[in-house]
Enquirer: 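Okay, here's the structure, questions in a sec.
The sequence lines fix the lettering, A, B, ..., with proteins before strands; numbering per chain opens at 1.
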Amino acid sequence: MSFPLLTATAAVPAIGAIATAAVPAAKRTAAKWLALAFSLVTFALALVIAFRFVPGAKGPYQLTESHAWIRDFGVRYELGVDGIAVALIALTALLIPFVILAGWHDADPLEETAAPDSGSAAGNRRNSWRPTQGFFALILAVEAMVILSFEATDVFLFYIFFEAMLIPMYFLIGGFGDRAHVHGEEQAATQRSYAAVKFLLYNLVGGLIMLAAVIGLYAVTADQLGTGTFSLQQIVEARAAGKLELGTGTERLLFLGFFFAFAVKAPLWPLHTWLPNAMGEATAPVAVLITAVVDKVGTFAMLRFCLQLFPGASRWATPAILVLALISIVYGALLAVGQRDIKRLIAYASISHFGFIILGIFAMTTQGQSGATLYMVNHGISTAALMLVAGFLISRRGSRLIADYGGVQKVAPVLAGTFLVGGLATLSLPGLAPFVSEFLVLVGTFSRYPVIGIIATLGIVLAALYVLVLYQRTMTGPVKAEVRSMPDLRVRELVVVAPLIALLLFLGVYPKPLTDIVNPAVGHTLSVVDKKDPKPAVQVDAVPGGARHGHAAPDQDVEAAK
Amino acid sequence: MENLIALLVAAPLVGAALLLCGGKRLDRTGHLIGSLFAVASFAIGVALFADLLGRGAEDRTLHQYLFSWIQVGGFRADAAFQLDQLSMTFVLLITGVGSLIHIYSIGYMEHDERRRRFFGYLNLFLAAMLLLVLADNYLLLYVGWEGVGLASYLLIGFWQHKPSAATAAKKAFLVNRVGDMGLSIAIMLMFTTFGTFAFGPVLAATGETSEGKLTAIGLMLLLAACGKSAQVPLQSWLGDAMEGPTPVSALIHAATMVTAGVYLITRSGAIFNAAPDAQVAVVAVGAVTLLFGAIVGCAKDDIKKALAGSTMSQIGYMILAAGLGPIGYAFAIMHLVTHGFFKAGLFLGAGSVMHGMNDEVDMRRYGGLRTYMPVTFITFGLGYLAIIGFPGLSGFFSKDKIIEAAFAKGGTEGWILGGAALLGAAITAFYMTRVMLMTFFGEKRWDPDTTHPHESPKVMTIPMIVLAVGSVFAGGLFSVNETFVKWLEPVTSFEHGHSPVSATTVTAATMVVLVLGVGLAWAMYGRRPVPATAPRGSLLTRAARRDLLQDDFNHVVLVRGGEHLTRTLVYLDHSLVDGAVNGTAASMGGLSGRLRKLQSGFVRSYAVQMLGGAAVLIAATLLMRGV
């Protein structure tokens, strides 16, 4: 048996979580370095996965591992990755070290990091227990579960991790809130726990509904195949071979059960309201963890489970989902414009972006789905850049309110510059990675649903509006007295931001490494759903690289439309 | 030779990267590094130009393929360049005028503590603009298109401690994004229609599809052009963009970036030629804007805003010409180049005046400056003569041809367009004479105790002189044997228009309106002293001062309306959507009660719930097995 690479990639952060938690209370710094080391090893393993993975190889999943687990219920410990999963595992493993570095001091005991300008913070704290060890251990625990949910090809196994990651997330949101609060620690604690509970309940309800559907699926397979199974591949193959027939009604019900859980997690309008609370109250690195990493499991699962398990129902639900995604895009952007709190603004921007991702998935075109997958990766990187810089900014001033800033550019030009780049990535400026994915989603949608595609392009104007208004109000104008002594980015902070920006540039100019991995997986998904790309009205024979040779004009032979 | 094309873009891009990431240690040399990279790009441009001239007219298209940028299914975009006569013309204009303005800025920005950054942004602009005109497909063009928008944003807001500058920068970017929507949709339409959006295949296949599709693509391209080139109805940002340092106004908001719309339409000529309805829209936009800009230019007392109105109007001429099809493309580009010379020169002259007048921009506080700044006066004066179309100077040749072509459109349309173009010429003569008189003639309206007007240093005047030489001779040179038209013909194609009025009549008419415009301005601002505070003015004057109420309209409809909408939505999101979801959950499972309970500290009951869930699960699966 070969080395279980997928298990190892998830096991490292899991072990890291335990090890970090076990570090004695006095050795906080050691715990941080330990967590960072584990996250870096995980990243190295994710890179090994990416290099061992052969794009376009036969079979939908590679590096598979399969062991019987709960024999009585047909639950197997079955792991495997396709290109989409590889991309998202790489994203997760990439972001966690930055999350850890950015949150380096977020869980220090308050006495040592007396926050500037916030007189209320030092005083009557209800909760003096802020274990640094716990904070970093929880982050690693989330990482392990997220990676496992990207790897699991057994529906039940996936469900377990999908739900289990709620627990560490809950404690991260509720236990380690943002220290920049206007109304004092007492109220902040209340808001924090409200946000954490809201996060938990929304996702729990989604999860319970999904659980019912998971059980339903098992019942159907047990009924028709003789032995029940949760194996994604077995079910897909059985359906293709005609051995497994879900009735139309059953399929739709099961689809809805799955989709609801993923739509809460993604989140899709109108199930989005937990996200601004959670991202607003959590520390910036945890907010990144939520939107850039954990939420991606929702959209990923739509691609992997909803479409492949229930292709017919997916096609049936497409119109409604497209409309909801469109509402998310426009609505999220409009609400972002109206926010007064920096982090809530970014949260609403994310809702708009998740709308794009879901739009791309359900446009059911190669460009749409590849674009959506790229979008997940790029949104992760760009939001991390923007949110983490926002976090650095907030920690300097002790306020999340946009109105409390002004003229920061003058006193901290590097901070302002990186914030601008993060913002420009968020508004999908060409040359930066998100442009590629956003345009692919738009063109993929447009080629099948022109009207929806056109309305979705409104998103690019609104994105410019909320990003530039945010930048103008915080960074430009006369320097406010409270920011006058604000220090520019420190070395640790630069180490966090610079690689993210470099990556945004690289993937904007050369997205090929990603598209090469993702394209075959998308092809497979579309073949399961039985959808083909619409053909262009006129077949122009653009010989690839026709323009490459000498001075000859590109081949201009024109065939009539088929 | 074609391998040099990428270097054209790479040189200023490297410069920008160095200057923006280099940090303080480059503060002392940043302006030299920036200028060096601009000049290097110009030198490469000249070398390529010499190479093109050495080839036959039909063999002057070079391609350079770099790598496959995006490939997903049938969607394929390459990082590849195409250099032909049209892009070559732009390359020389961009890098030539760009280099001059880099040099001028060494003097103009001498005392600015962020000069290094300024040159970094200028270099970034050059790189993006060159990418725009060198791309061999629409998606790569889009990268340059938004890249220049970014550079423009950064440079308009360069003095961003001024709230007005920051607001103007944001406005420019936003209005441009509306145009960019058009470009996005156009590219998507091309993809669904032709399966590609590379220039070669798309422009060759226009005959294969329906006119309706081409009209749609054409209109979307026009929307994009309106944004970038400040044409009605997306013109409102250009006046505010004058908040940027004056060299920026000269380079980006006069000579190069704002002409990108003309490039786009000319480049897509094959699409417009096959979509007459879209062409009607183009000429309508051009004609309306050329009058709109000219009227606004008459009422402004801020010298830069008067020139901005003029820019809008002159680009209106170019768009009009481009909308006329093969009888107009070459003249649109010719006017674009001559305008690049004289308008850049005029802006640099205005900058030189401001430099000597403590950054005063109000022409009512100028007057009689010709003796204090002779070089500025003469170069500005030559630019002035060029723009009003004084016989023999550049503008005379290029504008005259456009007016002629407008008449040649034929029918009622031809008369309307020709008439509008003639009227525009009259107004141009009026407002430019007004600027000239208020600035350099008449009595001094400035306070001699605080203001000491002086000529600018050589590093600034030499670029002005070079541009003045171009303003004088370029038009004439281009017109000898129709050199310019013949140069462009293989790309843009060319047809002689058949005007109902003879060329001589058009020229004569142009001269008459020129004299009328100048005379009226002389009567109003030359013979009588100019009041130092603006008179109330007629209704039209007051409207024109406010950019013909465009901003007021935007404010009431878009800004206020938008604010109300977002505020309402923020409220509803909290009360209605959140409330409804919570409420539904509550009615379904008493969740709100549990929510309150959990909130009050019974967190650990979650563990119990998990256990309960697991029990349900196990029970359910056992039951299933029993089935």
Side-chain angles (χ1 to χ4, degrees), chain A residues 72-73 193-194 197 200-201 205 208 211 215 218-219 222 228 270-271 273 331 334-335 337-338 366-367 370 407 409-410 424 429-431 436 440 442-443 446-447 453-454 457 460-461 464-465 468 472 476-478 511-512 515 519 533 536-540 542 545 547-548 551 553-554 556 558, chain B residues 59 61-63 65 67-68 70-75 80 136 142-143 146-147 150 157 160-161 163 166-167 170 173-174 177-178 180-181 184-185 188 191-196 198 200-201 204-205 208-209 565-567 569-570 573 577-578 581 585 591 595 598-599 606 613 617 620-621 624-625:
Chain A
D72 284 347
F73 312 125
S193 80
Y194 173 75
V197 169
L200 190 63
L201 285 183
V205 170
L208 283 175
L211 179 60
I215 296 167
Y218 179 81
L271 304 169
T273 51
Y331 184 90
L334 282 174
L335 270 131
V337 175
T366 319
Q367 292 82 32
S370 284
Q409 201 280 334
K410 194 101 180 160
L424 292 173
L429 188 85
V436 176
L440 282 171
L442 284 174
V443 89
F446 183 88
S447 61
I454 288 173
T457 51
I460 72 172
V461 179
L465 185 60
L468 295 185
Q472 185 189 357
T476 71
K512 199 168 180 313
T515 48
N519 283 342
D533 286 353
V538 180
Q539 284 285 310
V540 179
R548 257 173 262 185
H551 318 122
Q556 292 168 351
V558 175
Chain B
D59 196 25
T61 303
L62 303 183
H63 290 277
Y65 172 87
F67 55 87
S68 165
I70 307 173
Q71 177 151 30
V72 172
F75 184 96
D136 91 331
Y142 192 8
V143 177
E146 286 234 335
L150 170 66
Q160 47 180 260
H161 53 275
T167 306
K170 180 188 68 187
F173 197 97
L174 280 176
R177 270 258 154 158
V178 177
D180 295 348
M181 262 184 80
S184 293
I185 296 171
M188 296 193 279
F191 177 70
T192 54
T193 311
F194 304 108
T196 173
E208 306 293 320
T209 188
L565 178 67
T566 53
R567 221 173 293 147
L569 281 178
V570 170
D573 191 56
V577 181
D578 203 11
V581 175
L591 272 174
L595 191 125
L598 273 168
Q599 230 181 300
Y606 175 62
L617 172 69
T621 21
M624 297 288 174
R625 258 180 97 228

Enquirer: Identify which part of B:A166 has an atom lying under 4.5 Å from any heavy atom of chain A, answering side chain, backbone, both or neither.
Expert: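 Backbone plus side chain of B:A166, per the 4.5 Å heavy-atom cut-off to chain A.
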Enquirer: Within this structure, what is the CZ-OG distance for the pair B:F75 and A:S447, rounded to the nearest 0.5 Å?
Expert: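 Output value for this atom pair is 10.5 Å.
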Enquirer: Is a side-chain donor or acceptor of B:Q160 paired with a backbone partner of A:G477 at a separation under 3.5 angstrom?
Expert: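 Checking the backbone N and O of A:G477 against the side chain of B:Q160, no donor-acceptor pair under 3.5 Å is found.
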Enquirer: Give, for atom CD1 of A:I460 and atom CE of B:M181, the distance between the pair rounded to the nearest 0.5 Å.
Expert: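 So the CD1 of A:I460 and the CE of B:M181 are separated by 6.5 Å.
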Enquirer: Would you call A:T476 and B:P163 a side-chain contact if the rule is heavy atoms closer than 4.5 Å?
Expert: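 Side-chain contact under 4.5 Å: no.
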Enquirer: Starting from the C-alpha separation in whole Å, work towards a yes-or-no answer on side-chain contact (heavy atoms from CB on, under 4.5 Å) for A:L335 and B:T566.
Expert: CA-CA 6 Å; A:L335 270 131; B:T566 53; over 6 Å; no
Enquirer: Within this structure, what is the CZ-NZ distance for the pair B:F67 and A:K512, rounded to the nearest 0.5 Å?
Expert: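 Those atoms lie 11.0 Å apart.
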Enquirer: Begin with the C-alpha distance, continue with both residues' side-chain angles, and end with the deciding distance and a verdict on side-chain contact (heavy atoms from CB on, under 4.5 Å) for A:T457 and B:M188.
Expert: CA-CA 11 Å; A:T457 51; B:M188 296 193 279; 3.5 Å; yes
Enquirer: Just checking, is any N or O donor in the side chain of B:T167 or A:Q472 under 3.5 Å from an acceptor N or O on the other one?
Expert: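 There is such a pair between these side chains.
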Enquirer: Can you measure from CG (A:L424) to CZ (B:F173) and round to the nearest 0.5 angstrom?
Expert: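 Going from the CG atom of A:L424 to the CZ atom of B:F173 covers 6.5 Å.
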Enquirer: Look up atom CG in A:L334 and atom CG in B:L565, then write down how far apart they are to the nearest 0.5 Å.
Expert: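 Here the rounded value is 5.0 Å.
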Enquirer: Pick from B:T209, B:T192, B:V178: which one has the most heavy-atom pairs with chain A under 4.5 Å?
Expert: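 Top count of heavy-atom pairs under 4.5 Å with chain A: B:T192.
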Enquirer: At a heavy-atom distance under 4.5 Å, which candidate from A:I454, A:T366, A:L468 has the highest pair count against chain B?
Expert: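 That would be A:L468.
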